[in-house]
Amino acid sequence: MITVVIIDDEPLARSIVKEYLASHENINLVAECSDGFEGIKAIQQFHPDLIFLDIQMPKINGFEMLELLDKPPAVIFTTAFDEFALKAFETHAVDYLLKPFSKERFDKAIARATDLNVVQLQKEQTEKLLQQPTLAPQAERVVVKVNGKINIIPVHSIEYLEAADDYVKIHTANGTFLKNKTMSFFENTLLKEDFVRTHRSFIVNVKEVSKIEPYEKENHLAILRRGMKVPVSQSGYTKLKAVLGL
(Lines give C-alpha, C1' and ligand atoms only; values in the text may rest on other atoms or scores of the structure.)
Protein backbone atom coordinates (compact mmCIF):
# COMPACT_ATOMS: atom_id res chain seq x y z
CA MET A 1 0.00 0.00 0.00
CA ILE A 2 1.36 3.40 -1.02
CA THR A 3 0.56 6.34 1.26
CA VAL A 4 -0.24 9.67 -0.38
CA VAL A 5 -0.67 13.32 0.66
CA ILE A 6 -2.31 15.96 -1.57
CA ILE A 7 -1.06 19.56 -1.22
CA ASP A 8 -2.91 22.17 -3.28
CA ASP A 9 -4.57 25.48 -2.36
CA GLU A 10 -7.43 24.91 -4.82
CA PRO A 11 -10.28 22.78 -3.37
CA LEU A 12 -11.44 21.75 -6.84
CA ALA A 13 -7.95 20.56 -7.78
CA ARG A 14 -7.73 18.49 -4.60
CA SER A 15 -11.15 16.96 -5.23
CA ILE A 16 -10.15 15.93 -8.76
CA VAL A 17 -7.02 14.17 -7.50
CA LYS A 18 -9.08 12.42 -4.79
CA GLU A 19 -11.66 11.34 -7.38
CA TYR A 20 -8.96 9.93 -9.67
CA LEU A 21 -7.25 8.18 -6.74
CA ALA A 22 -10.46 6.34 -5.82
CA SER A 23 -9.95 3.79 -8.59
CA HIS A 24 -6.49 2.83 -7.31
CA GLU A 25 -6.92 0.29 -4.51
CA ASN A 26 -3.20 0.23 -3.71
CA ILE A 27 -3.22 3.94 -2.77
CA ASN A 28 -4.00 5.15 0.76
CA LEU A 29 -4.73 8.88 0.97
CA VAL A 30 -3.66 9.91 4.48
CA ALA A 31 -4.03 13.72 4.28
CA GLU A 32 -4.93 16.67 2.08
CA CYS A 33 -3.52 20.15 2.68
CA SER A 34 -4.38 23.62 1.41
CA ASP A 35 -0.91 25.21 1.75
CA GLY A 36 2.77 24.43 2.18
CA PHE A 37 2.78 24.84 5.96
CA GLU A 38 0.05 22.21 6.33
CA GLY A 39 1.95 20.07 3.85
CA ILE A 40 5.13 20.09 5.93
CA LYS A 41 3.20 19.07 9.05
CA ALA A 42 1.41 16.25 7.21
CA ILE A 43 4.64 14.91 5.71
CA GLN A 44 6.37 14.97 9.09
CA GLN A 45 3.40 13.19 10.66
CA PHE A 46 2.61 10.54 8.05
CA HIS A 47 5.91 10.12 6.14
CA PRO A 48 4.07 9.45 2.87
CA ASP A 49 5.59 7.52 -0.02
CA LEU A 50 4.23 10.02 -2.54
CA ILE A 51 2.80 13.55 -2.59
CA PHE A 52 0.76 15.41 -5.18
CA LEU A 53 2.09 18.95 -4.95
CA ASP A 54 0.92 22.22 -6.48
CA ILE A 55 3.70 24.70 -7.21
CA GLN A 56 1.97 28.08 -7.20
CA MET A 57 0.52 28.46 -3.70
CA PRO A 58 0.24 31.37 -1.24
CA LYS A 59 2.46 31.65 1.86
CA ILE A 60 5.16 29.34 0.50
CA ASN A 61 5.19 27.68 -2.91
CA GLY A 62 5.76 24.02 -3.65
CA PHE A 63 9.50 24.31 -4.22
CA GLU A 64 10.00 26.30 -1.03
CA MET A 65 8.07 23.67 0.90
CA LEU A 66 10.25 20.86 -0.45
CA GLU A 67 13.42 22.79 0.43
CA LEU A 68 12.36 22.78 4.09
CA LEU A 69 12.11 18.98 4.23
CA ASP A 70 15.12 16.94 5.32
CA LYS A 71 14.13 14.05 3.05
CA PRO A 72 11.56 15.01 0.39
CA PRO A 73 9.23 12.16 -0.64
CA ALA A 74 8.57 11.18 -4.23
CA VAL A 75 6.61 13.95 -5.94
CA ILE A 76 4.06 14.27 -8.70
CA PHE A 77 3.71 17.98 -9.36
CA THR A 78 0.29 19.33 -10.30
CA THR A 79 0.95 22.63 -11.98
CA ALA A 80 -0.20 25.28 -14.40
CA PHE A 81 3.41 26.08 -15.39
CA ASP A 82 3.86 26.49 -19.12
CA GLU A 83 5.55 23.89 -21.31
CA PHE A 84 8.84 25.81 -21.43
CA ALA A 85 9.24 25.78 -17.65
CA LEU A 86 8.36 22.09 -17.52
CA LYS A 87 11.47 21.12 -19.50
CA ALA A 88 13.36 21.21 -16.22
CA PHE A 89 11.05 18.54 -14.82
CA GLU A 90 11.59 16.29 -17.82
CA THR A 91 15.36 16.64 -17.56
CA HIS A 92 15.34 15.53 -13.95
CA ALA A 93 12.82 12.69 -14.35
CA VAL A 94 10.34 14.15 -11.87
CA ASP A 95 6.78 13.51 -13.01
CA TYR A 96 4.21 16.28 -13.33
CA LEU A 97 0.58 16.78 -14.29
CA LEU A 98 -0.15 19.91 -16.28
CA LYS A 99 -3.52 21.35 -15.24
CA PRO A 100 -6.11 20.51 -16.40
CA PHE A 101 -5.10 16.85 -16.72
CA SER A 102 -7.13 13.82 -17.77
CA LYS A 103 -7.77 10.59 -15.88
CA GLU A 104 -5.70 8.77 -18.46
CA ARG A 105 -2.68 11.03 -17.89
CA PHE A 106 -3.19 10.75 -14.13
CA ASP A 107 -3.23 6.95 -14.29
CA LYS A 108 0.05 6.95 -16.23
CA ALA A 109 1.66 9.05 -13.50
CA ILE A 110 0.34 6.69 -10.84
CA ALA A 111 1.60 3.63 -12.73
CA ARG A 112 5.05 5.15 -12.84
CA ALA A 113 4.96 6.27 -9.22
CA THR A 114 3.97 2.85 -7.92
CA ASP A 115 7.16 1.34 -9.31
CA LEU A 116 9.37 1.22 -6.19
CA ASN A 117 12.55 1.71 -8.22
CA VAL A 118 11.10 4.82 -9.82
CA VAL A 119 9.93 6.13 -6.44
CA GLN A 120 13.47 5.94 -5.08
CA LEU A 121 14.81 7.61 -8.22
CA GLN A 122 12.26 10.39 -7.89
CA LYS A 123 13.34 11.11 -4.32
CA GLU A 124 16.93 11.53 -5.50
CA GLN A 125 15.92 13.57 -8.54
CA THR A 126 13.70 15.87 -6.47
CA GLU A 127 16.74 17.05 -4.53
CA LYS A 128 18.56 17.77 -7.81
CA LEU A 129 15.53 19.58 -9.18
CA LEU A 130 15.52 21.97 -6.22
CA GLN A 131 18.99 23.18 -7.20
CA GLN A 132 17.79 24.41 -10.60
CA PRO A 133 17.67 28.25 -10.59
CA THR A 134 15.50 28.26 -13.71
CA LEU A 135 12.59 27.15 -11.56
CA ALA A 136 12.72 30.24 -9.33
CA PRO A 137 13.93 33.18 -11.44
CA GLN A 138 14.34 36.56 -9.75
CA ALA A 139 13.19 35.24 -6.39
CA GLU A 140 11.64 37.84 -4.09
CA ARG A 141 12.11 35.85 -0.88
CA VAL A 142 14.14 33.07 0.67
CA VAL A 143 12.55 30.54 3.00
CA VAL A 144 14.67 28.99 5.76
CA LYS A 145 13.98 26.79 8.78
CA VAL A 146 15.60 27.57 12.14
CA ASN A 147 14.98 25.25 15.09
CA GLY A 148 11.78 24.01 13.49
CA LYS A 149 10.51 27.54 12.85
CA ILE A 150 10.00 28.76 9.28
CA ASN A 151 11.42 32.18 8.43
CA ILE A 152 10.62 34.09 5.24
CA ILE A 153 13.41 36.50 4.32
CA PRO A 154 12.58 39.25 1.79
CA VAL A 155 15.40 39.43 -0.75
CA HIS A 156 15.73 43.20 -0.35
CA SER A 157 16.66 42.67 3.33
CA ILE A 158 19.70 40.52 2.46
CA GLU A 159 22.97 42.40 2.94
CA TYR A 160 25.28 39.73 1.55
CA LEU A 161 25.64 35.99 1.12
CA GLU A 162 28.63 33.90 2.09
CA ALA A 163 29.62 30.34 1.12
CA ALA A 164 29.80 27.93 4.05
CA ASP A 165 30.66 24.37 2.96
CA ASP A 166 27.41 22.80 1.67
CA TYR A 167 25.40 25.83 2.78
CA VAL A 168 25.11 29.53 2.11
CA LYS A 169 25.06 32.05 4.97
CA ILE A 170 22.42 34.72 4.42
CA HIS A 171 23.40 37.87 6.31
CA THR A 172 20.65 40.33 7.24
CA ALA A 173 20.19 43.08 9.83
CA ASN A 174 18.03 40.60 11.77
CA GLY A 175 20.66 37.87 11.90
CA THR A 176 22.40 35.22 9.83
CA PHE A 177 20.58 32.22 8.37
CA LEU A 178 21.82 29.03 6.71
CA LYS A 179 20.34 27.76 3.46
CA ASN A 180 21.20 24.42 1.87
CA LYS A 181 21.87 25.86 -1.57
CA THR A 182 24.91 26.70 -3.68
CA MET A 183 26.37 30.11 -4.42
CA SER A 184 25.72 29.44 -8.11
CA PHE A 185 22.03 28.94 -7.36
CA PHE A 186 21.76 32.38 -5.80
CA GLU A 187 23.98 34.00 -8.43
CA ASN A 188 21.64 32.74 -11.17
CA THR A 189 18.43 33.36 -9.24
CA LEU A 190 18.82 36.86 -7.80
CA LEU A 191 18.45 39.94 -9.97
CA LYS A 192 21.85 40.77 -11.42
CA GLU A 193 21.29 44.52 -11.13
CA ASP A 194 20.75 44.09 -7.37
CA PHE A 195 23.22 41.36 -6.41
CA VAL A 196 26.80 40.87 -7.60
CA ARG A 197 29.11 37.94 -6.96
CA THR A 198 32.16 39.88 -5.85
CA HIS A 199 34.20 36.82 -4.90
CA ARG A 200 33.83 33.05 -5.31
CA SER A 201 32.57 32.95 -1.70
CA PHE A 202 30.55 36.18 -1.56
CA ILE A 203 27.52 37.81 -3.20
CA VAL A 204 26.69 41.36 -2.16
CA ASN A 205 23.53 43.45 -2.31
CA VAL A 206 24.77 46.49 -4.25
CA LYS A 207 22.32 48.75 -2.42
CA GLU A 208 24.19 47.97 0.80
CA VAL A 209 27.58 49.08 -0.56
CA SER A 210 28.70 52.43 0.86
CA LYS A 211 32.24 52.45 -0.56
CA ILE A 212 34.94 50.28 -2.13
CA GLU A 213 38.50 50.28 -0.79
CA PRO A 214 41.74 48.83 -2.23
CA TYR A 215 43.00 45.72 -0.45
CA GLU A 216 46.12 43.69 -1.26
CA LYS A 217 47.40 43.80 -4.82
CA GLU A 218 44.45 44.15 -7.23
CA ASN A 219 41.76 43.06 -4.77
CA HIS A 220 39.30 45.32 -2.96
CA LEU A 221 36.87 45.39 -0.05
CA ALA A 222 33.24 46.45 -0.31
CA ILE A 223 32.30 48.36 2.84
CA LEU A 224 28.61 47.94 3.60
CA ARG A 225 26.31 50.44 5.29
CA ARG A 226 26.53 48.68 8.66
CA GLY A 227 30.31 48.42 8.45
CA MET A 228 30.75 44.82 7.26
CA LYS A 229 33.62 44.21 4.84
CA VAL A 230 33.07 41.91 1.88
CA PRO A 231 36.04 40.69 -0.26
CA VAL A 232 36.04 41.79 -3.90
CA SER A 233 38.24 39.92 -6.38
CA GLN A 234 39.60 41.49 -9.54
CA SER A 235 36.80 40.08 -11.69
CA GLY A 236 34.26 40.88 -8.99
CA TYR A 237 35.47 44.47 -8.95
CA THR A 238 34.83 44.77 -12.67
CA LYS A 239 31.29 43.41 -12.28
CA LEU A 240 30.57 45.58 -9.25
CA LYS A 241 31.76 48.75 -10.99
CA ALA A 242 29.59 47.97 -14.00
CA VAL A 243 26.45 47.57 -11.88
CA LEU A 244 27.23 50.67 -9.84
CA GLY A 245 27.94 52.67 -12.99
CA LEU A 246 31.50 53.58 -11.92
Side-chain angles (χ1 to χ4, degrees), residues 7 36-37 39-41 43-44 47-49 51 53 55 59-75 77 88-89 91-94 119-192 194-206 208 219 221-222 224 228-233 235-236 239-240:
I7 306 165
F37 291 116
I40 291 172
K41 292 179 182 178
I43 290 168
Q44 291 173 338
H47 304 287
D49 300 306
I51 61 174
L53 179 63
I55 295 172
K59 298 182 180 179
I60 58 174
N61 65 40
F63 293 130
E64 291 168 334
M65 190 210 79
L66 288 174
E67 289 172 5
L68 297 172
L69 299 172
D70 294 328
K71 294 182 179 180
V75 182
F77 288 100
F89 293 78
T91 301
H92 292 83
V94 176
V119 167
Q120 182 57 41
L121 175 63
Q122 282 191 318
K123 291 179 181 179
E124 297 170 359
Q125 296 289 14
T126 296
E127 295 180 5
K128 293 180 181 179
L129 177 67
L130 294 176
Q131 290 294 338
Q132 300 306 304
T134 55
L135 295 175
Q138 303 174 5
E140 296 180 354
R141 64 190 183 190
V142 179
V143 179
V144 297
K145 186 166 63 174
V146 181
N147 298 324
K149 181 181 179 181
I150 296 173
N151 292 267
I152 297 177
I153 305 169
V155 162
H156 64 77
S157 71
I158 297 173
E159 296 173 321
Y160 68 100
L161 300 101
E162 178 183 2
D165 296 324
D166 295 331
Y167 292 80
V168 171
K169 288 183 180 179
I170 302 171
H171 296 271
T172 75
N174 294 320
T176 299
F177 305 89
L178 283 176
K179 183 73 172 178
N180 187 12
K181 289 288 187 183
T182 64
M183 292 294 283
S184 294
F185 175 89
F186 283 107
E187 183 181 16
N188 293 321
T189 299
L190 298 171
L191 284 172
K192 298 187 183 303
D194 293 335
F195 288 85
V196 172
R197 189 164 186 173
T198 60
H199 182 278
R200 63 183 178 85
S201 298
F202 291 88
I203 295 174
V204 68
N205 183 343
V206 296
E208 294 293 327
N219 294 322
L221 287 175
L224 306 190
M228 294 82 75
K229 298 179 179 180
V230 176
V232 181
S233 65
S235 61
K239 291 186 287 185
L240 189 56

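For reference, positions follow the sequence shown, starting with 1.
Of the possible donor and acceptor atoms, one in the side chain of S233 sits under 3.5 Å from a partner among the backbone N and O of T198. At least one donor-acceptor pair closer than 3.5 Å links the side chain of K179 to the backbone N or O of V143. The main-chain N or O of L68 is found under 3.5 Å from a side-chain atom of K145 such that the two form a donor-acceptor pair. Remark: side-chain polar atoms of K192 are paired, donor with acceptor, to backbone N or O of E187 under 3.5 angstrom.
Counting heavy atoms from C-beta on, the side chains of L161 and L190 come closer than 4.5 Å. Within the 4.5 Å cutoff, side-chain heavy atoms of K181 are placed close to those of E67. Looking only at side-chain heavy atoms (C-beta outward), E64 and R141 come within less than 4.5 Å of each other. L66 places a side-chain heavy atom less than 4.5 Å from the side chain of F77.
Residues I43 and I7 approach most closely at CD1-CD1, 4.1 Å, considering heavy atoms. Considering all non-hydrogen atoms of both residues, E159 and T172 come closest at OE1-C, 3.5 Å. What you find for P73 and P48 is that their closest heavy atoms are CB-O, 3.6 Å. The minimum heavy-atom distance between V168 and T182, with the atom names listed, is CG2-C, 3.8 Å.
Annotation: Y167 is not in aromatic contact with F177 [ring centroid separation under 6.0 Å not met].
The aromatic rings of Y160 and H171 sit parallel, their planes meeting at an angle under 30°, below the 60° perpendicular limit.
S235 OG to N219 CG: the interatomic distance, rounded to the nearest 0.5 Å, is 9.0 Å.
Crowding of K239 atom NZ: a count of heavy atoms from other residues, nucleotides or ligands under 6.0 Å exceeding 12.
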